[in-house]
K.L.:
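The structure follows.
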Amino acid sequence: MTGRRFDKVEVTHPRTARHNGGEASIVENRLQGRTVKGVNRHGKFLVAPLDKGFTMVAHLGMSGRFIVGDDSQSVPPPHSHFRAWMDDGVVITFVDPRTFGFVAVFDEVELETTGLRRLGPDAWESPPTVEALRLSLAKRTAPIKALLLDQGPVAGLGNIYADEALFLAGIDPRTPGGEVDEAPLERLLASIQVVLSGAIDNGGTSLDDLAYLLPDGRAGDNLSQLHVYGRDGEPCHVCGETIDKVIIRARSTHFCPGCQSG
DNA sequence: ACCTCCCTGGCC
DNA sequence: GGCCAGGGAGGT
């Protein structure tokens with residue numbers, strides 16, 4: 001995308017523009033005429049610096065998808081809430097049935113007040129050292145699972161991969177963050193890499209609801225690789241005990257009572 | 001540091 | 001017909 005310019009932008013759902021006050025016209029007017037200077041990812045946020053000091057920030061939520069193509073398909077797919085026509089003929093379409101995702105455009109001042117400010121180091125590109133992770137978890141009493149979802153200690157894990165990483169590391173998700181010792185934290189950092197690399201290789205985890213799909217519309221294939229997520233009531237692949245499910249921070253949390261005692 | 005809210009497709 | 005799933009922001 002770098003170097004391309006936004007010729008025309010249409011935002012057709014106010015919720016997609018909710019970080020600009022729900023005003024589609026703000027997103028449209030700020031993007032039109034701007035040139036893309038880069039496209040980066042931090043955790044689950046897409047961050048694209050533009051000229052004139054603006055930054056486009058997007059999040060896919062649960063069901064968001066960017067489709068990049070040309071204008072040959074003039075009828076956008078259902079639940080298309082954002083379309084951008086670039087100066088070289090490329091058309092970018094944002095499809096998001098559940099509208100948990102968003103597209104925003106911030107100036108320098110606004111950028112400092114967004115959720116990006118609170119993001120920790122990226123889980124995949126620049127994971128924290130065990131010392132840094134220990135520091136950010138020190139004295140925290142919230143369950144380690146909740147702190148992984150917070151995106152503060154480390155950014156990029158959602159509910160599925162947080163459960164899977166804690167399983168591989170042998171950590172009870174209910175353990176207060178500050179009570180996770182150095183050895184399990186080392187295992188956690190290694191497990192995060194294993195879980196994410198496997199998931200990426202498999203094209204991500206599409207569940208039965210098919211909320212998440214690859215950009216070309218295919219389902220990701222990682223579901224069969226999960227050890228605990230969605231397997232409550234089934235035997236653990238490692239020890240045979242029954243996978244349990246509890247609610248932490250209003251999120252279902254799956255773990256093996258046999259393997260995750262730390 | 002917690003709770004609630006948003007939203008839709010898929011499933012019971 | 002009703003419930004559930006999830007990420008993040010906002011409020012208490």
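This structure is a prediction, so every number in the text was calculated from the model and none was measured. In what follows, chains carry the letters A, B, and so on, assigned in the order in which the sequence lines appear, proteins first and then strands, with residues in each chain numbered from 1.
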K.L.:
Calculate the interatomic distance between A:Tyr229 atom OH and C:dC4 atom P; express it in whole Å.
P.N.:
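Answer to the nearest Å: 14 Å.
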K.L.:
Between C:dG8 atom P and A:His59 atom NE2, what is the distance in whole Å?
P.N.:
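It is 3 Å, rounded to the nearest whole Å.
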K.L.:
Where along residues 134-165 of chain A does a heavy atom fall under 4.0 Å from DNA chain C?
P.N.:
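DNA chain C contact set from residues 134-165 of chain A: A:Gln151, A:Gly158, A:Asn159.
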K.L.:
Could you tell me whether A:Ser252 contacts a base, only the sugar-phosphate backbone, or nothing, with contacts defined as non-hydrogen atoms closer than 4.0 Å?
P.N.:
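Sugar-phosphate: the residue A:Ser252, judged by heavy atoms under 4.0 Å, touches backbone atoms but no base.
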K.L.:
Shorter than 3.5 Å, N or O on both sides, protein versus nucleotides 9-12 of chain C: list them out with atom names.
P.N.:
none

K.L.:
Taking OH from A:Tyr212 and P from C:dG7, how many angstroms apart are they, rounded to a whole number?
P.N.:
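The answer, rounded to whole Å, is 14 Å.
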K.L.:
Rounded to whole angstrom units, what separation is found between the CG atom of A:Leu207 and the P atom of C:dC4?
P.N.:
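Nearest whole value for this atom pair: 17 Å.
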K.L.:
Show me the side-chain donor-acceptor pairs of residues 88-105 of chain A shorter than 3.5 Å, one per line, residues at least two apart or across chains.
P.N.:
{"from": "A:Asp88", "atom 1": "OD1", "to": "A:Arg4", "atom 2": "NE", "distance (Å)": "3.2"}
{"from": "A:Asp88", "atom 1": "OD1", "to": "A:Val90", "atom 2": "N", "distance (Å)": "3.2"}
{"from": "A:Asp88", "atom 1": "OD2", "to": "A:Arg4", "atom 2": "NE", "distance (Å)": "2.3"}
{"from": "A:Asp88", "atom 1": "OD2", "to": "A:Arg4", "atom 2": "NH2", "distance (Å)": "3.2"}
{"from": "A:Thr93", "atom 1": "OG1", "to": "A:Arg83", "atom 2": "NE", "distance (Å)": "2.9"}
{"from": "A:Thr93", "atom 1": "OG1", "to": "A:Arg83", "atom 2": "NH2", "distance (Å)": "3.3"}
{"from": "A:Asp96", "atom 1": "OD1", "to": "A:Ser63", "atom 2": "OG", "distance (Å)": "2.7"}
{"from": "A:Asp96", "atom 1": "OD1", "to": "A:Gly64", "atom 2": "N", "distance (Å)": "3.4"}
{"from": "A:Asp96", "atom 1": "OD1", "to": "A:Thr99", "atom 2": "N", "distance (Å)": "3.4"}
{"from": "A:Asp96", "atom 1": "OD2", "to": "A:Phe100", "atom 2": "N", "distance (Å)": "3.4"}
{"from": "A:Asp96", "atom 1": "OD2", "to": "A:Gly101", "atom 2": "N", "distance (Å)": "2.8"}
{"from": "A:Arg98", "atom 1": "NH1", "to": "A:Asp209", "atom 2": "OD2", "distance (Å)": "3.4"}
{"from": "A:Arg98", "atom 1": "NH2", "to": "A:Asp209", "atom 2": "OD2", "distance (Å)": "3.0"}
{"from": "A:Thr99", "atom 1": "OG1", "to": "A:Arg15", "atom 2": "NE", "distance (Å)": "2.7"}

K.L.:
Strictly below 4.0 Å, N to O, side chains only: are A:Glu28 and A:Arg30 in salt-bridge contact?
P.N.:
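Answer for the salt bridge query: no.
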K.L.:
Between A:Tyr161 and A:Thr205, is any side-chain donor less than 3.5 angstrom from a side-chain acceptor?
P.N.:
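Side-chain D/A pair, A:Tyr161 to A:Thr205: present.
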K.L.:
Below 3.5 Å is the cut-off: list the nitrogen or oxygen pairs between protein and nucleotides 5-8 of chain B, distance only.
P.N.:
{"from": "B:dT8", "atom 1": "O2", "to": "A:Arg98", "atom 2": "NE", "distance (Å)": "3.2"}

K.L.:
Please list all pairs meeting side chain to side chain donor-acceptor pair (under 3.5 Å) that have one or both residues in residues 41-54 of chain A, counting only residues at least two apart or in different chains.
P.N.:
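For residues 41-54 of chain A: A:Arg34-A:Asp51, A:Arg41-A:Asp122.
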K.L.:
When you compare the side chains of A:Asn202 and A:Asp221, does any donor N or O come within less than 3.5 Å of an acceptor on the partner?
P.N.:
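No, because no side-chain N or O of A:Asn202 sits under 3.5 Å from a partner of the opposite role on A:Asp221.
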K.L.:
Is there a donor-acceptor pair under 3.5 Å between the side chain of A:Glu164 and the backbone N or O of A:Tyr229?
P.N.:
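Yes.
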K.L.:
Minimum heavy-atom separation for A:Met1 to A:Val39, with atom names?
P.N.:
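Scanning both residues completely, I find the closest heavy atoms to be CB-CG2, 3.7 Å.
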K.L.:
Walk me through it: do A:His79 and A:His81 pass the test side chain to side chain contact (heavy atoms under 4.5 Å, CB included)?
P.N.:
CA-CA 6 Å; A:His79 308 293; A:His81 305 319; 4.1 Å; yes
K.L.:
Rounded off to whole Å, could you give me the NZ-to-P distance for the A:Lys44 and C:dG7 pair?
P.N.:
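That distance rounds to 4 Å.
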K.L.:
Check for me, please, whether A:Ile160 and A:Ile248 land in the same ILVMFWY cluster - side-chain distances under 4.5 Å, paths through other members count.
P.N.:
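In one cluster with A:Ile160: A:Ile248, no.
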K.L.:
Donor-acceptor pairs are to be reported for all side-chain atoms of residues 133-153 of chain A against protein atoms at under 3.5 Å, with residues two or more places apart or in another chain.
P.N.:
{"from": "A:Arg134", "atom 1": "NH1", "to": "A:Glu182", "atom 2": "OE1", "distance (Å)": "2.9"}
{"from": "A:Ser136", "atom 1": "OG", "to": "A:Ala132", "atom 2": "O", "distance (Å)": "3.4"}
{"from": "A:Ser136", "atom 1": "OG", "to": "A:Leu133", "atom 2": "O", "distance (Å)": "3.0"}
{"from": "A:Lys145", "atom 1": "NZ", "to": "A:Asn159", "atom 2": "OD1", "distance (Å)": "2.6"}
{"from": "A:Lys145", "atom 1": "NZ", "to": "A:Asp163", "atom 2": "OD1", "distance (Å)": "2.7"}
{"from": "A:Lys145", "atom 1": "NZ", "to": "A:Ser252", "atom 2": "O", "distance (Å)": "3.4"}
{"from": "A:Lys145", "atom 1": "NZ", "to": "A:Thr253", "atom 2": "OG1", "distance (Å)": "2.8"}
{"from": "A:Gln151", "atom 1": "OE1", "to": "A:Gly156", "atom 2": "N", "distance (Å)": "2.7"}
{"from": "A:Gln151", "atom 1": "NE2", "to": "A:Leu149", "atom 2": "O", "distance (Å)": "3.0"}
{"from": "A:Gln151", "atom 1": "NE2", "to": "A:Leu157", "atom 2": "O", "distance (Å)": "2.9"}

K.L.:
Please report the shortest heavy-atom distance between A:Trp124 and A:Ser197, naming the atom on each side.
P.N.:
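Answer, listing the atom of A:Trp124 first, then A:Ser197: CH2-CB, 3.5 Å.
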K.L.:
Rounded to whole Å, how long is the line connecting atom CE of A:Met62 with atom P of C:dC4?
P.N.:
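Going from CE in A:Met62 over to P in C:dC4 covers 15 Å.
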